[in-house]
A.B. asks: 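My structure is below; once you've seen it, I'll send some questions.
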Amino acid sequence: QVQLVESGGGLVQAGGSLRLSCAASGLTFSSYAMGWFRQAPGKERELVSAISWRGDNTYYADSAKGRFTISRDNAKNTVYLQMNSLKPDDTAVYYCAASESYYRPSTVFLRPQEYEYWGRGTQVTVSS
């Protein structure tokens with residue numbers, strides 16, 4: 001079955017960095033656009049960043065622009081989120097998600113309902 005497993009979360013001080021990874025199995029990873037979402041306590045799940053399956057198109061939420069970088073390695077079935085200059089407001093559970101898009105190699109998806117598969121999440125806590 002399809003599995004998305006996030007890793008790399010943890011506790012970091014404000015201004016620090018973390019690199020999240022999401023390892024996918026059970027699907028043809030190179031046919032799936034990927035997204036990173038986050039959900040803080042009491043808040044709705046929000047898109048942080050997304051990448052097309054070809055890797056040639058990316059999207060960043062305003063809160064992530066200039067600080068976060070999404071990338072993917074189709075040979076390793078893994079998508080990454082490099083997070084720099086972290087702020088306490090970045091504290092949340094971070095989820096990766098996959099959206100089948102074989103015929104749309106350069107498309108990114110912005111809405112949670114466009115993603116078929118989800119990981120269980122990894123906690124990121126940024127202390128002030």
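Residues take their numbers from the sequence shown, with the count starting at 1.
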A.B. asks: Check for a donor-acceptor pair, side chain of Ser52 on one end and backbone N or O of Asn57 on the other, with a separation under 3.5 Å.
C.D. replies: yes
A.B. asks: Give me the atom names and distance for the closest heavy-atom approach of Ala92 to Tyr94.
C.D. replies: O-CD1, 3.4 Å
A.B. asks: Ignoring hydrogens, what is the shortest heavy-atom contact between Ser106 and Arg54? Give both atom names and the distance.
C.D. replies: OG-NH1, 3.9 Å
A.B. asks: So, the side chain of Glu100 versus the backbone of Tyr102: is there a donor-acceptor pair under 3.5 Å, distance only?
C.D. replies: yes
A.B. asks: Both conditions, 6.0 Å and 45 degrees, for the charged tip of Arg104 above the ring of Trp53: are they met here?
C.D. replies: no
A.B. asks: Counting only N and O atoms by type, is there a donor-acceptor contact under 3.5 Å from the side chain of Arg72 to the main-chain atoms of Phe29?
C.D. replies: yes
A.B. asks: Is the shortest distance from a Lys or Arg side-chain nitrogen in Asp90 or Lys87 to a carboxylate oxygen in the other one below 4.0 Å?
C.D. replies: no
A.B. asks: Can you tell whether the side chains of Glu6 and Arg120 come within less than 4.0 Å, N to carboxylate O?
C.D. replies: no
A.B. asks: Please name the pair of heavy atoms, one in Ile70 and one in Met34, separated by the smallest distance, quoted to 0.1 Å.
C.D. replies: CD1-O, 4.4 Å
A.B. asks: Tyr60 and Thr69: which non-hydrogen atoms are nearest, and at how many Å?
C.D. replies: OH-CA, 3.3 Å
A.B. asks: Do we see a donor-acceptor contact under 3.5 Å between the side chains of Thr78 and Asp73?
C.D. replies: no
A.B. asks: Checking Tyr32 now: which residues fulfil side-chain hydrogen bond (donor to acceptor under 3.5 Å, both in side chains) with it, not counting sequence neighbours?
C.D. replies: none
A.B. asks: Taking all atoms of both residues into account, what is the closest heavy-atom pair of Ala33 and Ser101, and its distance?
C.D. replies: N-OG, 3.3 Å
A.B. asks: So, is the end of the Arg19 side chain (NZ or CZ) under 6.0 Å from the ring centre of Tyr80 and within 45° of the ring's axis?
C.D. replies: yes
A.B. asks: Applying ring pair (Phe, Tyr, Trp, His ring centres under 6.0 Å), can you list everything that pairs with Tyr115, at least two apart in sequence or on another chain?
C.D. replies: Phe37
A.B. asks: Which atom names give the shortest non-hydrogen contact between Cys22 and Leu4, and what distance separates them?
C.D. replies: SG-CB, 3.9 Å
